[in-house]
Amino acid sequence: MKEKELRRSLAVFSIGTVMKLTDLSARQVRYYEERDLITPQRTDTNRRMYSLNDVDRLLDIKDYIAEGWTVQAIYNHYKKPKEEHEHKPLTDDDVRRILYNEILNQGGFVQPDESGYSGQHH
DNA sequence: TTTCTCACA
DNA sequence: TGTGAGCA
């Protein structure tokens with residue numbers, strides 16, 4: 001049943017609608033796009049169009065920001081784990097790795113782990 | 001009217 | 001991040 005997923009990915013909201021739905025400023029929404037936290041589509045006239053998934057993610061991002069997360073940390077949060085967040089089985093090592101990474105980036109002293117994390121950290 | 005990009009008394 | 005300019 002992949003139809004739902006498809007519909008959730010349909011870009012149907014204008015930035016104005018997204019602003020109301022997320023209570024974020026257009027500036028913020030565009031900024032998060034610039035940081036690759038979301039990737040809305042564009043119309044033939046260069047207008048941004050957001051999907052249900054985009055709005056959903058924006059809502060999450062809003063919470064993370066409120067909790068003090070760095071855009072960089074959030075970026076890695078979405079980039080790294082394939083099994084995403086909550087409800088999925090993660091091994092202890094996965095959790096430790098993800099946490100380690102996010103905590104480091106949180107401080108802003110480390111570059112976003114692009115090496116993909118080759119080694120172990122204890 | 002709304003959104004876009006760019007730039008900052 | 002906000003805000004205003006000048007377009008589309």
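Reckoned from all heavy atoms, side chains included, excluding hydrogens, waters and symmetry mates.
The residues Asp60(A) and Arg57(A) are annotated as not salt-bridged, no charged nitrogen and carboxylate oxygen being separated by less than 4.0 angstrom. The pair Arg30(A)-Glu34(A) does not count as a salt bridge, with every side-chain nitrogen at least 4.0 angstrom from each carboxylate oxygen.
Note on Tyr50(A): every side-chain N or O is 4.0 Å or more away from OP1 and OP2 of dT3(B). The phosphate of dT2(B) has neither OP1 nor OP2 within less than 4.0 Å of any side-chain N or O from Ser14(A).
Pairing for dT2(B) is with dA8(C), a Watson-Crick or G-U wobble pair whose two hydrogen-bonding atom distances lie under 3.5 Å. Both distances falling under 3.5 Å, in either a Watson-Crick or a G-U wobble arrangement, occur for no nucleotide opposite dA9(B).
Ring orientation note: the planes of Trp69(A) and His77(A) are nearly perpendicular, at an angle over 60° on the 30°/60° scale.
Atom P of nucleotide dC6(B) and atom OH of Tyr31(A) are separated by 16 Å, given to the nearest angstrom. Taking atom NZ on Lys20(A) and atom C1' on dT3(B), their separation rounds to 14 Å, with Å as the unit. Per the geometry, CZ belonging to Arg27(A) stands 16 Å off P belonging to dA5(C), to the nearest Å. Note: CZ (Arg42(A)) to P (dA8(C)) measures 16 Å, nearest angstrom. Computed from coordinates, the Leu24(A) CG to dG2(C) C1' distance equals 14 Å when rounded to whole Å. Regarding Met19(A), its CE atom lies at a distance of 8 Å from the P atom of dT3(B), rounded to whole Å.
The side chain of Arg47(A) approaches dT2(B) more closely than any other nucleotide in the set dC4(B), dT1(C), dT2(B). Here the nucleotide nearest the side chain of Ile15(A), chosen from dT3(B), dT5(B), dT1(C), is dT3(B). For Arg30(A), taking side-chain heavy atoms from C-beta onward, the closest of the listed nucleotides dC4(B), dT2(B), dG2(C) is dC4(B).
Atom CZ of Arg35(A) is separated from atom OH of Tyr78(A) by 16.0 Å, given to the nearest 0.5 angstrom.
In terms of polar N and O atoms assigned as donor or acceptor, the side chain of Arg48(A) never comes within less than 3.5 Å of the base of dT3(B) in a complementary pairing.
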- Show the numbers, then the answer: is there a side-chain contact (heavy atoms from CB on, under 4.5 Å) between Ile38(A) and Val29(A)? CA-CA 9 Å; Ile38(A) 52 173; Val29(A) 177; 4.3 Å; yes
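Heavy-atom distances to DNA chain C give each of Thr45(A) and Ile65(A) a nearest nucleotide, and the one nearer the 5′ end belongs to Ile65(A).
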